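The structure appears right after this line, and notes come after that.
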Amino acid sequence: MAPSTTVPSVTDIEVPETFLKKRKQNEKAREERLTAATAAHKAAHAKRKVIFKRAESYVKQYLAKEQEEIRLKRAARASGDFYVPAEPKIYFVIRIRGINEIAPKPRKILQLFRLLQINNGVFLKVTKATQQMLRLVEPYVAYGEPNLKSIRELIYKRGYGKVNKQRIPLANNAVIEGKLGKYDILCMEDLVHEIATAGPNFKQASNFLWPFKLSNPTGGWRTRKFKHFIQGGDFGDRESNINKLIRQMN
C-alpha cells in the first residue's frame, strides 16, 4: 500500500514578497492611470466647451461687423455720399516670380517676408514699414486684403505650423495650443480670429504658420507676370481681388 501524501492547499503556499510588492505597484500604477485619464477627459470636455463658446462669440462679432458695414453703406447712399471702407489691417502676399536678376535689397525683403519660393504666401500686418517694403518687391509679388472666408480656407486647407523648425500639419488643436497657448490661442478658430482681426498676438500667430504652399492658379497667369495688375498683368496690389486669386491657387 502506497504511503499517503498530503497536497498543500493554495492558501498554504507562501507568495514571495517581491511578487506582492510588484502586484501592489501595478495596482497603484493602474489607479493613477485611471485617475489621470478621468482628469484628462474632464479637462478636454471643459476645453471643448470654452472653444465652442469662443467660436460662437467670433461668429457674432463677424456678423455684427458685416451688418454695420451694410448700415454705413445705406446711410451714405441715402445722404448722397460715398462710403469709404476702412483701411486694410492685413495683406496676404503671394510670391509670383523667381530670383533671376533680382537686386539684393528686394531679395532680402522677400527673405524677411519668408517668401522663399514661387507661390509661397504669407499674412502681413499693414504698417507703414510693410507698405514701403512691399513697394520695393512689388514686381515679384501679388497682394491684397483677404476676407474672412479666404483666411479660414487657407488655414484649414493649407495650414501648417512651425514646431521646432519642423513643418507640422494642423491636424488637431493640441499643435496650436502647444505653441500659442501662452497667448490664449487654443484652437483653429482662435488662430483664424487672431489673423483676421490683426489681434495683439498677430505676429506670433503669423510666424507660427508656415508659409502657405499654393498651386499655380487655375487657368494660369494672365500675362508673363511683367505687368502690374491694373494694367492687365499679375503683380502688385489687387485689393479685394486677391480673394479670387486665392480661390484659384488654393
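Everything numeric in this text was worked out from a predicted model, so none of it was measured.
Note on ring orientation: taking the six-membered ring where Trp is involved, the planes of Y62 and H193 are tilted (angle from 30° to 60°).
In the hydrophobic clustering of this structure, Y143 groups with L136; members are Ile, Leu, Val, Met, Phe, Trp, Tyr whose side-chain heavy atoms approach within less than 4.5 Å, directly or through other members. In terms of hydrophobic clustering, with Ile, Leu, Val, Met, Phe, Trp and Tyr side chains grouped at heavy-atom distances under 4.5 Å, F113 and W210 are assigned to different clusters.
The number of heavy-atom neighbours closer than 6.0 Å to CD of E138, taken from other residues, nucleotides and ligands shown, is above 12. With a 6.0 Å radius and a threshold of 12 heavy atoms from other residues, nucleotides or ligands, Q111 has its CD atom above the threshold. A 6.0 Å sphere centred on CZ of R74 holds no more than 12 heavy atoms belonging to other residues, nucleotides or ligands. In the displayed structure, K89 atom NZ is contacted under 6.0 Å by at most 12 heavy atoms of other residues, nucleotides or ligands.
A donor-acceptor contact shorter than 3.5 Å links the side chain of S79 to the backbone of A76.
Using a 4.5 Å cut-off on side-chain heavy atoms (C-beta onward), R54 and D184 make contact. Residues L180 and D190 form no side-chain contact, since every pair of their non-hydrogen atoms from C-beta on lies 4.5 Å or further apart. Residues V141 and L110 are in side-chain contact: their nearest non-hydrogen atoms beyond the backbone lie under 4.5 Å apart. Two residues are said to be in side-chain contact when any heavy atoms from C-beta on lie closer than 4.5 Å; E87 and V126 fail this criterion. Using a 4.5 Å cut-off on side-chain heavy atoms (C-beta onward), M188 and I155 make contact.
Note that the CD1 atom of I195 and the CZ atom of F208 stand 10.5 Å from one another [nearest 0.5 Å]. Here the straight-line distance linking atom CG of N120 with atom CZ of F212 works out to 10.5 Å at 0.5 Å rounding. For the atom pair CG of N147 and CD1 of I246, the computed distance is 7.5 Å after rounding to the nearest 0.5 Å. Taking NZ of K213 as the reference point, atom CD1 of I118 lies at 13.5 Å (rounded to 0.5 Å). To the nearest 0.5 Å, the span separating OH on Y140 from CD1 on I109 amounts to 10.5 Å. Taking OG1 of T218 as the reference point, atom CE of M249 lies at 9.5 Å (rounded to 0.5 Å).
Residues passing the side-chain hydrogen bond (donor to acceptor under 3.5 Å, both in side chains) test with N250, sequence neighbours excluded: R158. Partners of E145 by salt bridge (Lys or Arg N to Asp or Glu O under 4.0 Å), not counting sequence neighbours: none found. Applying the salt bridge (Lys or Arg N to Asp or Glu O under 4.0 Å) test to E68 and every residue at least two apart in sequence or in another chain returns R71.
Considering every non-hydrogen atom in both L191 and A205, the closest pair reads CD1-CB, 3.7 Å. When every heavy atom of G199 is checked against every heavy atom of K125, the shortest pair comes out as O-NZ, 3.8 Å.
Side-chain contact annotation: Y160 with Q166, donor-acceptor N/O pair under 3.5 Å absent.
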Step by step, work out the side-chain contact (heavy atoms from CB on, under 4.5 Å) result for L170 and L209.
-> CA-CA 9 Å; L170 302 179; L209 286 168; 4.1 Å; yes

Quick one: do Q204 and E194 satisfy side-chain contact (heavy atoms from CB on, under 4.5 Å)? Show the steps, please.
-> CA-CA 10 Å; Q204 289 81 1; E194 193 68 24; over 6 Å; no

